[in-house]
Amino acid sequence: MGDFTIHTPVLDRVSGPADLKALSDAELAALAGELRRETIEVVSRTGGHLGSSLGVVELTVAIHAVFNTPLDKLIWDVGHQCYPHKILTGRRDRMLTLRQAGGLSGFTKRSESEFDPFGAAHSSTSISASLGFAVGREMGMPVGDTIAVIGDGAITAGMAYEAMNHAGHLKSRMFVILNDNDMSIAPPVGALQRYLNDIAVKGPLATLKAVAEGVEAHLPGAVREGARRARQMVTGMPGGGTLFEEFGFTYIGPVDGHDVPQLLATLRAARARATGPVLIHAVTVKGKGYAPAEGADDKYHGVAKFDVATGAQVKAKSNAPSYTAVFGQRLTEEAARDPRIVGITAAMPGGTGLDVMARRFPARVFDVGIAEQHGVTFAAGLAASGMKPFCAIYSSFLQRGYDQIVHDVCLQNLPVRFAIDRAGLVGQDGATHAGAFDVAFLANLPNMTVMACGDEAELCDMIATAVAHEAGPIAFRYSRGEGLGVEMPERGRVLEIGKGRVLRRGSDVALLSFGAHLGEVLAAAELLEAEGISVTVADARFAKPLDTGMIEQLIEDHAALITVEQGSTGGFGALVLHHLAGAGLLERGRAIRTMVLPDRFIDQAAPGQMYAWAGLQASDIATTARDALRREAVGKGLRLV
Ligand SMILES: Cc1ncc(C[n+]2csc(CCOP(=O)(O)OP(=O)(O)O)c2C)c(N)n1
Ligand SMILES: CC(=O)[C@@H](O)[C@H](O)COP(=O)(O)O
Ligand SMILES: [Mg+2]
């Protein structure tokens with residue numbers, strides 16, 4: 001495929017998983033090697049989630065060799081490790097389109113292939129979804145076996161335990177493969193991680209329950225050997241169960257997740273004998289088989305394009321600091337002044353920029369694991385104790401903590417500060433990671449204050465404002481990527497709550513921006529001014545409370561008002577309309593337009609392309625303004641220039 005120079009004689013004979021059935025075990029092992037090299041070649045040209053995919057190459061081959069997809073349902077948790085799976089399931093010739101406009105998604109996706117029975121990208125859903133398929137099968141649906149592959153990072157989330165609790169109760173036959181590479185995006189945290197490490201280090205281990213079911217006799221010798229002794233070492237009891245057995249699973253493991261013969265033997269034995277839920281604990285290495293990845297701190301979790309020979313990544317030149325970097329730096333400076341400030345991240349210290357603060361104040365940054373719900377309520381508890389928690393969570397992942405925001409934070413009016421990164425469209429991760437809904441779901445909550453910064457200097461102000469704000473919860477959102485390159489203040493200023501700012505004054509149309517689309521709004525103003533249309537540009541700063549005085553003045557002074565935001569319907573624009581309707585100002589016949597993300601999910605592409613599809617480019621804003629002015633003029637019988 002492509003113009004790769006690698007030699008892939010076995011892979012070339014595979015056009016789908018059915019072809020694996022004709023391969024010998026030795027050929028399957030060879031296939032894994034070729035699949036690994038091709039995955040590296042592909043990602044070197046596309047960028048993407050390399051380390052996780054390299055860690056599951058052998059697992060991918062073994063699962064497809066032993067099970068019967070697509071009748072059997074293989075569900076990859078998160079789905080970021082699915083590149084080898086995509087290559088084996090008929091998408092090999094499209095791999096170079098990965099994560100690009102019109103190309104393959106970087107995750108599993110139902111609409112993309114029958115071999116992706118359940119889409120993902122947010123973590124820890126695979127066991128629940130698998131159980132759903134298993135119960136569907138028991139109720140007569142055309143489903144074979146179900147196999148969930150979940151990482152040691154993803155299994156820190158509460159949802160995985162809710163699912164295991166239910167599966168153990170239902171006793172449905174299902175397979176969960178725990179892909180334990182001792183890494184999340186960052187090094188994993190928590191007691192569970194220590195527990196898994198203990199098992200991995202002290203194995204090999206097979207369970208008494210597995211023995212009783214006759215599975216053990218069919219397991220490879222290395223796994224079978226010393227089971228009782230190892231079991232006793234881990235559990236402390238000759239007959240005690242692992243955590244997974246207490247949930248009602250048969251535990252098998254740990255197995256070497258890179259040993260194809262061992263994996264094949266284990267999966268075959270489990271498939272032949274299992275009657276209820278089975279958990280197979282596979283120990284793997286993130287980035288396996290590619291030295292630069294194995295040697296990197298992040299194991300090449302997510303990479304830009306790179307040179308295969310050296311591993312050097314091609315990083316885009318930046319003209320301005322990223323919002324994330326500004327957040328990390330400025331919060332750290334605020335924390336140096338105020339010992340009550342603490343940071344909370346749900347397994348994303350680098351992605352949120354909280355790693356900067358963690359380096360300086362390690363005891364004041366808490367990585368709670370992939371546990372957004374817990375993170376929010378933990379922050380609420382910290383706030384109740386008198387601390388100043390900054391809960392830094394990507395917009396799309398904050399969706400996980402919604403009831404906690406409502407019930408634990410807002411209802412008790414606790415001053416939790418929500419730093420919401422990745423607001424708006426994010427690019428290659430596509431629709432699953434788009435930060436579209438946070439304004440709509442936060443600004444409707446009593447007690448909550450909602451801000452969005454127009455540029456990186458304003459982000460500094462919003463951090464300072466959040467530090468000072470003790471009256472209740474407050475959120476500020478900012479987007480992925482660079483700021484506008486504006487001059488940065490020495491120190492953020494505390495903003496007056498509910499006050500926006502006017503950046504340029506005109507007389508025909510007012511463009512009211514909320515958040516990081518301000519650059520695009522200013523560009524639209526330039527386009528309009530060039531045509532002789534006089535434009536006011538205002539930066540709302542707050543969606544809640546609204547700067548009602550400023551908004552009323554804008555409507556008073558202009559023939560048309562256009563709101564612009566990087567968010568869904570029901571957000572800032574809706575709040576403006578709601579206010580104007582309530583104040584009786586809609587009756588004045590001014591033209592008003594709200595520009596928001598469309599009511600559909602937007603697939604991956606470069607962010608600029610995604611905003612073009614969304615109709616939110618500068619030219620779209622200018623068109624909307626022209627159209628609004630024209631209609632207003634027609635309504636009044638005026639002639640528009
Ligand atoms: C709900 C949610 N929170 C955070 C993330 C971001 N995230 C993606 S992969 C990942 C780490 C997953 O670790 P693990 O399951 O061990 O897989 P590995 O990458 O090690 O193979 C995280 C935190 C996410 N996808 N979903
Ligand atoms: C798979 C996943 O959810 C993360 O790895 C995500 O891709 C990170 O996105 P950023 O690159 O925006 O941090
Ligand atoms: Mg992991």
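Ligands are counted one by one from 1 in listed order, and the atoms in each one are counted from 1 as well. What's counted below: heavy atoms across the whole structure, side chains too, no hydrogens, waters or symmetry copies.
- Counting only distance, with no hydrogens or angles, the side chain of Asp367 and the backbone of Ala347 share a donor-acceptor pair below 3.5 Å.
- Between Tyr394 and ligand 2, at least one pair of N/O atoms sits closer than 3.5 Å.
- Once rounded to the nearest 0.5 Å, the distance linking CD of Glu372 with OG of Ser123 reads 6.5 Å.
- Nearest to atom 15 (O) of ligand 1 among the protein's heavy atoms is Ala154 N, 2.9 Å.
- Ranking protein heavy atoms by distance to atom 23 (C) of ligand 1, first place goes to Ile370 CD1, 3.5 Å.
- If you check which protein heavy atom lies closest to atom 26 (N) of ligand 1, you get Ser123 N, 2.9 Å.
- Atom OD1 is the N/O/S atom of Asp152 found closest to the Mg ion (ligand 3).
- Relative ring orientation between Tyr251 and Phe244 is described as parallel, the plane-to-plane angle staying below 30° on a 0-90° scale split at 30° and 60°.
- Residue Asp116 forms a side-chain hydrogen bond (donor to acceptor under 3.5 Å, both in side chains) with just one option from Arg91, Lys86, Arg110, and that option is Arg91.
- Under 4.0 Å from ligand 1, the heavy atoms of Arg400 that appear belong solely to its side chain.
- In this structure, the protein non-hydrogen atom closest to atom 5 (O) of ligand 2 is His301 NE2, 2.7 Å.
- Regarding atom 4 (C) of ligand 2, its nearest protein heavy-atom neighbour is His49 NE2, 3.8 Å.
- Near Arg480, meaning under 4.0 Å from one of its heavy atoms, ligand 2 places the atoms 10 (P), 11 (O), 12 (O).
- Counting protein heavy atoms only, atom 21 (O) of ligand 1 is closest to Asn181 ND2, 3.2 Å.
- In Asp152, the parts holding a heavy atom less than 4.0 Å from any atom of ligand 1 are both the side chain and the backbone.
- Both the backbone and the side chain of Ile185 come within contact range of ligand 1, each with a heavy atom under 4.0 Å.
- Looking only at protein heavy atoms, the nearest one to atom 13 (O) of ligand 1 is Ser184 CA, 3.4 Å.
- For atom 3 (N) of ligand 1, the closest non-hydrogen atom on the protein side is Glu372 OE2, 2.7 Å.
- Note: His49 and Tyr83 have tilted aromatic rings, judged against thresholds of 30 and 60 degrees for the angle between ring planes.
- Summary of contacts: the protein heavy atom closest to atom 3 (O) of ligand 2 is His433 NE2, 2.7 Å.
- Backbone or side-chain N, O or S atoms of Ser52 do not reach the Mg ion (ligand 3) at under 2.8 Å.
- In summary, Ser184 places no N/O/S atom under 2.8 Å from the Mg ion (ligand 3), failing the contact criterion.
- The aromatic rings of Tyr300 and Tyr290 lie perpendicular to each other, with more than 60° between the two planes, well past the 30° mark.
- Those atoms of ligand 2 with a heavy atom of Phe397 less than 4.0 angstrom away are 3 (O).
- Residue contacts with ligand 1: Met183 is placed with a nitrogen or oxygen under 3.5 Å of a nitrogen or oxygen of the ligand (distance criterion only).
- Close contacts between ligand 2 and Asp429 involve ligand atoms 6 (C), 7 (O), 8 (C), 9 (O) [criterion: under 4.0 Å to a heavy atom].
- The shortest separation from a heavy atom of Ala121 to ligand 1 is under 4.0 Å, placing the residue in contact.
- In summary, no N, O or S atom of Asp180 is located under 2.8 Å from the Mg ion (ligand 3).
- Ranking protein heavy atoms by distance to atom 10 (P) of ligand 2, first place goes to Arg422 NH2, 3.4 Å.
- Residue-to-ligand polar distances place Gly153 within reach of ligand 1: an N/O pair is separated by less than 3.5 Å.
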